[in-house]
Amino acid sequence: MYVHVPFCERLCPYCDFAVSVQREIPHQAYVERVAAELKARAGEFEGYEAVTLYVGGGTPSLLSGEALGALFEAVRGVVTLQEGAELTLEANPNQLSEAKLNAWRALGVERLSVGCQSFQDAQLKALRRNHSAAQAIEGVERALEVMERVSLDLMFGVPGQTTASWEADLAIMQRLVEERGLDHVSAYNLTVEPGTAFWIRRKRGSLHLPDEDASAAFLDRLVERTAEVGLWRYEVSNFAVPGGESRHNSGYWLRRPYVGVGVGAHSLRVGGDGRSWRRANARKYAEYMAQSDPGAAESEEVLSARESFAEHLFLGARSRLGLDLSGLFERYAGVLSAADKVRVGEAVEGLEALGLMERSGGNPALWRPTLRGLDLGDTVAERLYLAATPDAH
């Protein structure tokens, strides 16, 4: 389960998420609206247990302790959380006071995802982050003293970044893993999304980013340094000590059903006949708050069993957790012919010949992308998707 909290203190120039920058955060009003949505959609949760609860944003750590407590209470009042469910909260490093961390821990938060992005003041200024490098380091260290698990977010390919500055970031990351017990790192290559401030600056020619070769070199060093400290690359952009993987994010790559509530949140429901249903909430805060039916969706989409099968394949190509090909063939047996299975199997074997996929753990039915396959994930995903949906192309 995902809960979206849209509030931010400022809008980052690369961000295209559903966020809302307000002078006064309406803590109570927003939580009450999310609670109303939960009640309106209660029928979707019957017969299910949530194995994860992820509160993201935006900046959910801006919520007051009282509001966050009310939010968790609203969720637990409608949704059954499985015993031992993973509870994650996203936070900015300048908000990680000891008092807040202890309050979140008391609410059941066990995993904190900290959006540092960089440990270099020049890069943080270019990204318009509202914390300093010192605050980022201190915040993560403080969180590691309180939380059971902490994930660190970094970015590369950002304005002004050099090999030296990236190496400095990786050195701090390495120290946090080796000396402080950090067990998870998410690292993203900056993508300039349409409509963002960076996108406008690039069109004007005033945005200067490292070129593709430099960004590829940054990624290579990231993979090397994380491996040196015992973090394995289990997904395109995520690294963890064995057992420290994000169960919530892994569920997306394994295409497990999920429910999202709040501004701009998405949901996926999976049927027994192979079909699936996607829905998305209103992306604009004012629209979400004003709609007459708090459980209404902005958009809904039905995916056929064939489309669902194709999604299963290309999402699995993003993760090294393993793609159970035989299990998928059995699950979608009603829509797959013998020729379909042969064609998909040949596509996987072709990717194996290219060094982009491999058998996982010696299991002949379980496949995963190689590290090179993760780097060329779009190519792998496209080949699998085309093999799964020949009539659509």
Side-chain angles (χ1 to χ4, degrees), residues 156-157 185-189 191 211-228 230-240 242 245 249-256 274 276 303-393:
F156 59 93
V185 174
S186 297
Y188 304 96
N189 191 357
T191 301
D211 60 27
E212 289 187 5
D213 288 342
S215 291
F218 293 157
L219 176 59
D220 288 343
R221 284 299 290 149
L222 169 70
V223 173
E224 291 170 0
R225 295 294 289 272
T226 49
E228 288 172 7
L231 304 183
W232 78 293
R233 189 183 183 191
Y234 71 96
E235 192 265 338
V236 171
S237 303
N238 289 285
F239 307 78
E245 303 85 0
N249 289 341
S250 297
Y252 293 133
W253 316 132
L254 297 172
R255 207 174 185 273
R256 292 172 177 158
S276 53
L303 279 75
S304 68
R306 169 77 66 169
E307 291 170 324
S308 298
F309 171 68
E311 275 201 359
H312 245 126
L313 281 179
F314 76 72
L315 286 174
R318 283 186 59 95
S319 168
R320 284 172 59 80
L321 297 174
L323 183 65
D324 183 358
L325 206 56
S326 294
L328 287 181
F329 286 163
E330 182 177 347
R331 180 171 183 172
Y332 293 98
V335 297
L336 298 178
S337 66
D340 290 329
K341 298 175 185 178
V342 169
R343 185 176 55 256
V344 171
E346 289 177 346
V348 171
E349 291 173 356
L351 290 166
E352 181 187 30
L354 293 172
L356 301 180
M357 292 199 76
E358 63 186 5
R359 297 182 191 274
S360 178
N363 185 334
L366 201 62
W367 292 84
R368 67 181 184 182
T370 62
L371 291 177
R372 181 63 174 163
L374 289 180
D375 291 343
L376 299 176
D378 289 345
T379 298
V380 174
E382 182 181 19
R383 292 200 179 195
L384 292 177
Y385 188 81
L386 291 174
T389 57
D391 297 334
H393 308 281

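Quick note: numbers below take in every heavy atom, side chains included, and nothing from hydrogens, waters or symmetry partners.
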### Task
Mind checking the OG1-CG spacing from T389 to L384? Nearest 0.5 Å is all I need.
10.5 Å
### Query
Would N189 and F218 satisfy side-chain contact (heavy atoms from CB on, under 4.5 Å), going step by step from the backbone distance to the final call?
CA-CA 9 Å; N189 191 357; F218 293 157; over 6 Å; no
### Summary
S186 meets the side-chain hydrogen bond (donor to acceptor under 3.5 Å, both in side chains) criterion, sequence neighbours left out, with N238
### Message
Which residues pass the ring-ring contact (aromatic ring centres under 6.0 Å, His included) test with Y332, not counting sequence neighbours?
### Response
F309, H312
### Task
Can you measure from CG (L386) to CG (L313) and round to the nearest 0.5 angstrom?
11.5 Å
### Task
Using the salt bridge (charged side-chain N to carboxylate O under 4.0 Å, His left out) rule, collect all pairs that involve residues 375-388, keeping only residues at least two apart or in two chains.
R233-D375
Using residues 348-362 as the side-chain source, report each donor-acceptor pair under 3.5 Å to any protein atom, sequence neighbours left out, with the distance given to one decimal.
from: E358; atom 1: OE2; to: R320; atom 2: NH1; distance (Å): 3.4
from: E358; atom 1: OE2; to: R368; atom 2: NE; distance (Å): 2.9
from: E358; atom 1: OE2; to: R368; atom 2: NH2; distance (Å): 3.3
from: R359; atom 1: NH1; to: P364; atom 2: O; distance (Å): 2.6

### Query
What pairs of residues pass the salt bridge (charged side-chain N to carboxylate O under 4.0 Å, His left out) test when at least one of them lies in residues 325-334, not counting sequence neighbours?
none
## Note on the structure
Residues passing the side-chain hydrogen bond (donor to acceptor under 3.5 Å, both in side chains) test with R221, sequence neighbours excluded, are E167, E224
#### Entry: Partners meeting side chain to side chain contact (heavy atoms under 4.5 Å, CB included) with E245 (sequence neighbours left out)
W232, Y234, A240, S250
#### Entry: Pairwise side chain to side chain donor-acceptor pair (under 3.5 Å) hits with a residue in residues 335-344, at least two apart
R306-D340, S337-D340, D340-R343
### Task
For L366 and G322, work out which heavy atoms get closest and say how close.
CD1-C, 3.9 Å
### Task
Decide yes or no for V380 and F314: does some side-chain heavy atom of the first lie under 4.5 Å from some side-chain heavy atom of the second?
no
#### Entry: Sequence-distant partners of E311, side-chain hydrogen bond (donor to acceptor under 3.5 Å, both in side chains), two or more places apart
R255, R278
### Query
Is there a side-chain contact (heavy atoms from CB on, under 4.5 Å) between F329 and L336 once you walk through the steps?
CA-CA 7 Å; F329 286 163; L336 298 178; 3.9 Å; yes
### Criterion side-chain contact (heavy atoms from CB on, under 4.5 Å) on T370 and L374, from CA distance to verdict
CA-CA 6 Å; T370 62; L374 289 180; over 6 Å; no
### Query
Rounded to the nearest 0.5 Å, how far does CG of L323 lie from CG of L328?
5.5 Å
#### Entry: For L254, side chain to side chain contact (heavy atoms under 4.5 Å, CB included) partners two or more places apart
R256, L321
### Summary
Across all chains, not counting sequence neighbours, the side-chain hydrogen bond (donor to acceptor under 3.5 Å, both in side chains) partners of S308 are S276
### Query
Quick one: OG1 on T226 to CZ on F239, what's the gap to the nearest 0.5 Å?
4.5 Å
### Task
Could you tell me which residues satisfy ring-ring contact (aromatic ring centres under 6.0 Å, His included) with F156, sequence neighbours excluded, listed by chain and number?
W166
### Query
Quick one: OG on S215 to CG on D220, what's the gap to the nearest 0.5 Å?
11.0 Å
### Heavy-atom closest pair, residues V344 and A387
CG2-O, 3.9 Å
